[in-house]
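What follows is a set of notes on a single structure, which appears directly below.
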Amino acid sequence: MTNYIEIEATQLADLLTSQPIILLDVRNDDEVLGGIIAGAIHIPLNALPTEYTKLNTDAKIVCYCHSGIRSAKSASFLANLGYESLYNLRGGILAWGRAGYTFVAKS
């Protein structure tokens, strides 16, 4: 049993337009050079153990990475710290792009 919910790219697109969420990109620094999902916060997975305090524990958090594996690990990590409303983008940014959604430059 996982302690987060797997969502598809279309579900994430709906969430982004319907309610406030924290979108957490856990890819490495070099990976985000090609773009991120608009509004995402970038905290690489290896930095999450020291940077997670920047995230609101009461917020709905959607984690994503390249293919969904590292973001699943990040969602589990946050759940173990007491975060409750956690989601993982199944297929990661690859699935987001395949679904036809766009990327923006990291600011």
Side-chain angles (χ1 to χ4, degrees):
M1 182 175 138
T2 60
N3 38 15
Y4 57 87
I5 298 169
E6 293 276 346
I7 62 172
E8 304 294 332
T10 54
Q11 293 171 294
L12 174 55
D14 290 342
L15 280 176
L16 288 170
T17 60
S18 66
Q19 56 192 285
I21 65 167
I22 293 175
L23 189 54
L24 178 60
D25 186 328
V26 297
R27 295 177 297 154
N28 297 330
D29 291 337
D30 61 325
E31 292 176 288
V32 298
L33 295 176
I36 63 171
I37 299 173
I41 297 169
H42 176 232
I43 302 175
L45 179 59
N46 65 353
L48 198 56
T50 58
E51 301 290 321
Y52 72 89
T53 57
K54 294 179 180 177
L55 304 171
N56 181 342
T57 56
D58 297 324
K60 185 174 286 191
I61 300 173
V62 179
C63 303
Y64 76 90
C65 63
H66 185 72
S67 64
I69 296 169
R70 286 174 288 171
S71 53
K73 290 178 183 177
S74 67
S76 287
F77 173 78
L78 292 171
N80 288 332
L81 293 172
Y83 289 76
E84 294 180 3
S85 297
L86 296 165
Y87 300 81
N88 180 48
L89 177 58
R90 182 177 291 140
I93 203 159
L94 292 175
W96 181 259
R98 279 194 304 269
Y101 298 111
T102 59
F103 307 98
V104 297
K106 180 185 172 198
S107 51

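Heavy atoms only: backbone and side chains are in, while hydrogens, waters and symmetry mates are out.
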Should [X] and [Y] count as side-chain neighbours, where that means a heavy-atom distance under 4.5 Å?
X	Y	value
Ile43	Ser74	no
Lys106	Leu33	no
Tyr101	Ile37	no
Ile36	Leu23	no

Transitively linked via ILVMFWY side-chain contacts under 4.5 Å: [X] with [Y]?
X	Y	answer
Phe103	Leu24	no
Leu48	Ile41	yes
Leu55	Tyr4	yes
Ile22	Leu45	yes

Gap separating the [atom1] atom of [X] from the [atom2] atom of [Y], nearest 0.5 angstrom:
X	Y	atom1	atom2	result
Lys60	Ile5	NZ	CD1	8.0 Å
Glu84	Ile61	CD	CD1	11.0 Å
Asn28	Asn46	CG	CG	6.5 Å

- Partner of Arg27 under salt bridge (charged side-chain N to carboxylate O under 4.0 Å, His left out), chosen from Asp29, Asp30, Asp25: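 Exactly one candidate clears the test, Asp25.
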- Task: Spell out, as yes or no, whether a donor-acceptor pair under 3.5 Å connects the side chain of Ser76 to the backbone of Lys73.
- Result: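 Such a contact is absent between Ser76 side chain and Lys73 backbone.
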- Item | Tyr64 (side chain) donor-acceptor with Trp96 (main chain) under 3.5 angstrom |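 It does not hold such a pair.
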- Message: Please give me the minimum heavy-atom distance between Tyr52 and Leu78, naming the atom from each residue.
- Response: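 So the two residues come closest at CB-CD2, 3.9 Å.
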- Show which residues join Ile69 in its hydrophobic cluster (side-chain heavy-atom contacts under 4.5 Å, direct or indirect), or state none.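 ILVMFWY cluster around Ile69 holds nothing else.
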- Message: If you apply the rule side chain to side chain contact (heavy atoms under 4.5 Å, CB included), what do you find for Asn3 with Asn80, and how did you get there?
- Response: CA-CA 8 Å; Asn3 38 15; Asn80 288 332; 3.8 Å; yes
- Task: Inspect the surroundings of CZ in Phe77 and state if more than 12 heavy atoms from other residues, nucleotides or ligands are less than 6.0 Å away.
- Result: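 Yes - once you tally the heavy atoms of other residues, nucleotides and ligands closer than 6.0 Å, there are more than 12.
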- Message: One pair to check against side chain to side chain contact (heavy atoms under 4.5 Å, CB included): Val62 and Leu16. What are the steps and the verdict?
- Response: CA-CA 10 Å; Val62 179; Leu16 288 170; over 6 Å; no
Could you list the donor-acceptor pairs under 3.5 angstrom formed by side chains in residues 85-93, with sequence neighbours left out?
unit_1: Asn88; atom_1: OD1; unit_2: Ser71; atom_2: OG; d: 2.4
unit_1: Asn88; atom_1: OD1; unit_2: Ala72; atom_2: N; d: 3.3
unit_1: Asn88; atom_1: ND2; unit_2: Glu6; atom_2: OE1; d: 3.2
unit_1: Asn88; atom_1: ND2; unit_2: Glu6; atom_2: OE2; d: 3.2
unit_1: Asn88; atom_1: ND2; unit_2: Gly68; atom_2: O; d: 3.3
unit_1: Arg90; atom_1: NH1; unit_2: Glu8; atom_2: OE2; d: 2.4

